[in-house]
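Taking it in order: structure first as structure tokens, then the write-up.
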Amino acid sequence: MTPPPEIRNICCIGAGYVGGPTMAVIADRCPQIQINVVDLNESRIAAWNEKDLSKLPVYEPGLDEVVARARGRNLYFSTEVNAAISTADMIFISVNTPTKTKGLGSGQASDLRWVEACARQVALHAQGHTIVVEKSTLPVRTAETIQAILQAAQQPSTNKPQRSFVVLSNPEFLAEGTAISDLESPDRVLIGGEDDEAINALASIYNQWVPTKKILRTNLWSSELSKLTANAFLAQRISSINSIAAICEVTGGDVREVSMAIGADSRIGKKFLNSGPGFGGSCFKKDILNLVYLCKHFGLPEVADYWQNVVTLNTWQQTRIAQLIVKRLFGTVTGKRLAIFGFAFKADTNDTREAPAINIALELLEEGAQLAIYDPQVKSNQIEIDLQLPATSCPDIKAGQTRAALNGEGTWWISNSVEEAATGSDAILILTEWDAFKNLNWNNIAPKMRQPAWVFDTRSVVNPQEVRSTGLKLWRVGDGAS
Ligand code: UDX
Ligand code: ADP
């Protein structure tokens with residue numbers, strides 16, 4: 001076997017939740033490779049270059065230490081996209097690919113304008129032989145688009161030296177909140193492509209810390225499809241267990257017990273069986289909708305409907321929770337103060353993309369609720385964007401109902417602690433499973449609330465006896481006894 005071409009210089013386009021942590025770990029493990037992470041977003045790059053590591057744009061446990069070791073040594077963050085492309089032997093495309101909101105495939109297909117723009121930039125500025133790696137989650141056959149653009153650039157021209165390109169697919173399977181440990185010891189690394197030399201070059205980078213048997217090789221299309229399929233299967237487990245939670249609630253079952261019982265079957269396995277407020281995050285919904293679009297395009301409507309239902313059930317779970325909250329609060333939340341504990345789509349991240357908290361909060365705001373939101377990592381300006389509603393300041397509880405509350409207008413504000421959010425509230429809604437919510441002092445919190453007061457635990461984090469012993473009423477997801 002010919003040794004793979006040595007990769008000395010990597011450029012990663014896109015410094016987001018995938019590009020930033022992934023390149024930080026590669027730089028940490030491969031000090032001989034210079035890595036330039038570039039992004040058009042100046043404030044994001046400035047945040048990656050922050051001296052104070054608590055201000056990095058992505059919150060991930062362990063990320064600060066990895067960045068501290070590699071940044072300035074062989075890891076650089078900059079907005080100089082073209083310069084970084086021109087010096088790279090290998091370019092990772094790690095840009096955003098949200099679901100299209102208008103035009104052909106609206107609501108289902110991915111918007112590939114950023115990927116296409118990247119491919120064109122690479123076509124213009126790359127030099128010599130360049131391996132282009134798809135890292136973003138992409139619809140199947142996107143590599144074809146990238147290849148077509150790069151092939152056009154490969155044509156010999158009189159005024160440019162000859163260039164050549166190879167496109168590989170290398171989907172990222174990291175989960176937010178555990179990104180660093182997922183990257184440091186992945187279950188597998190998947191490389192799709194047709195060019196053995198390029199595949200070997202990429203494999204030899206991962207091989208610095210990942211055992212060879214965990215580096216899987218497939219063709220390009222299998223690799224792209226595996227990413228969508230993995231996310232669809234994981235999301236399907238969550239919708240399945242959430243559907244069973246609803247049955248538990250009406251039959252007297254307990255979904256935690258059902259999860260434990262079925263998870264003990266080694267064919268099923270115990271992971272991803274936690275019932276909750278529905279899945280969020282930037283990948284699951286987008287990838288399933290991509291799959292649905294692909295199935296429709298290729299004349300497989302039954303398969304499309306099958307996967308569509310995973311998303312439909314997820315949205316239903318969020319609406320169901322918002323509605324049962326209203327019902328238990330005597331059928332109305334208008335003017336009532338509700339405390340929301342957790343806004344991120346899962347614990348240990350500051351990411352709110354597709355967070356269940358968004359839909360649940362919007363439904364309650366529509367009903368005229370006054371929401372006191374507390375999250376250990378999510379900032380007020382992000383919630384403003386998500387709810388498309390500016391925050392108000394925290395009303396003085398002693399001054400009685402605000403004008404907005406009397407008019408039935410939903411409002412929200414940010415709280416700086418669980419105690420502050422709970423004060424004067426009729427209910428606490430736990431929407432993210434932050435560790436900090438697992439050991440709350442309910443004896444301290446209960447007297448601060450307006451009685452009769454409720455706790456709605458959508459993440460199964462509280463100890464039911466402890467909560468009930470303070471006189472609070474408790475609803476837990478999938479608990480037929482509450
Ligand atoms: C997911 C995939 O796990 C990862 O492999 C892929 O690269 C990107 O998409 P991520 O979205 O970051 O990762 O987080 P994940 O841990 O998968 O959680 C997704 C959502 O499912 C979260 O909202 C989480 O709260 C929810 N979830 C997860 C449950 O409701 N129950 C579970 O048992 C597990
Ligand atoms: P992900 O979760 O997939 O990492 P993000 O939205 O967090 O997605 O990050 C994608 C990043 O890609 C954004 O910071 C965005 O500014 C950047 N980006 C998009 N298009 C380009 C481009 N053509 N050149 C450089 N950066 C880009």
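Note that ligands are numbered from 1 as they come in the structure, with each ligand's atoms numbered from 1 the same way. In what follows, residues are counted from 1 in the order of the sequence shown. All heavy atoms count here, side chains included; hydrogens, waters and symmetry mates do not. Note that the coordinates shown come from a computational prediction; the quantities given were computed from them, not determined experimentally.
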Is it the side chain (CB and beyond), the backbone, both or neither of Glu172 that lies under 4.0 Å from ligand 1, heavy atoms counted? backbone
Examine the proximity of ligand 1 to Lys286 and report which part, side chain or backbone, both or neither, has a heavy atom under 4.0 Å away. neither
Relative to atom 17 (C) of ligand 2, which among Asp39, Val122, Val58, Ile93 owns the nearest non-hydrogen atom? Asp39
Looking at Gly276 and Gln317, what are the two nearest heavy atoms and their distance? O-NE2, 2.8 Å
Within the 4.0 Å heavy-atom shell around Ala175, which atoms of ligand 1 are there? 3 (O), 12 (O), 13 (O), 14 (O), 16 (O)
Identity of the nearest option to atom 15 (P) of ligand 1, non-hydrogen atoms only, from Arg353, Lys285, Lys346: Lys346
Give a yes/no on ligand 1: does Lys271 have at least one heavy atom closer than 4.0 angstrom to it? no
From the options Phe173, Phe345, Phe272, select the one whose nearest heavy atom is closest to atom 17 (O) of ligand 1. Phe272
Nearest-contact summary for atom 21 (O) of ligand 1 - protein heavy atom, Å: Ile238 CD1, 3.3 Å
Any atoms of ligand 1 less than 4.0 Å from a non-hydrogen atom of Lys227? List them with their elements. 6 (C), 7 (O)
Quick check on contacts: which atoms of ligand 1 are under 4.0 angstrom from a heavy atom of Leu273? 33 (O)
In terms of side-chain geometry, is the basic nitrogen of Asp28 or Arg69 positioned less than 4.0 Å from the acidic oxygen of its partner? yes
Which residue and atom name correspond to the protein heavy atom nearest atom 12 (O) of ligand 1, and how close is it? Glu176 N, 2.7 Å
Residues Glu176, Arg353: salt bridge by 4.0 Å N-O rule: yes
Test item: Trp209 side-chain N/O and Ile26 main-chain N/O as donor-acceptor pair under 3.5 Å: no
Among Val18, Asn231, Leu234, Asn274, closest by heavy atom to atom 33 (O) of ligand 1 is Asn274
Under 3.5 Å donor-acceptor, Asp375 side chain and Ala344 backbone: yes
With heavy-atom distances below 4.0 Å as the criterion, list the atoms of ligand 2 near Gly16. 4 (O), 5 (P), 7 (O), 9 (O)
Provide the number and element of each atom of ligand 2 under 4.0 Å from a heavy atom of Gln121. 23 (N)
Under 3.5 Å, is there a donor-acceptor pair between the side chain of Asp39 and the main chain of Ala15? yes
State, with a plain yes or no, whether a side-chain heavy atom of Phe456 is found less than 4.5 Å away from one of Ile340. no
Considering heavy atoms of the protein only, find what lies nearest to atom 25 (O) of ligand 1 and give residue, atom and distance to 0.1 Å. Arg459 NH1, 2.7 Å
Ser94 neighbourhood, listing ligand 2 atoms whose heavy-atom distance to it stays under 4.0 Å: 10 (C)
Pi-cation contact, Phe279 with Lys285 (under 6.0 Å, within 45°): no
Do Asn309 side-chain atoms and Thr312 backbone N/O form a donor-acceptor pair below 3.5 Å? no
Please answer whether the main-chain N or O of Trp221 pairs with a side-chain N or O of Asn219 as donor and acceptor at a distance below 3.5 Å. yes
Would you mind listing which atoms of ligand 1 come within a distance below 4.0 Å of any non-hydrogen atom of Phe279? 20 (C), 21 (O), 23 (O)
Answer yes or no: is there an ion pair linking Asp351 with Lys346, defined by an N-O contact shorter than 4.0 Å? no
For atom 19 (C) of ligand 1, grab the closest protein heavy atom and report residue, atom and distance to one decimal in Å. Phe284 CE1, 3.5 Å
Residue Trp114 vicinity, atoms of ligand 2 by number, heavy atom under 4.0 Å: 19 (C), 20 (N)
Carboxylate-amine/guanidinium proximity below 4.0 Å for Glu144 and Arg141: yes
Which atoms of ligand 2 are found less than 4.0 Å from any heavy atom of Asn41? 16 (O)
When distances are taken from atom 8 (C) of ligand 1, the protein heavy atom at minimum range is Cys283 SG, 3.5 Å
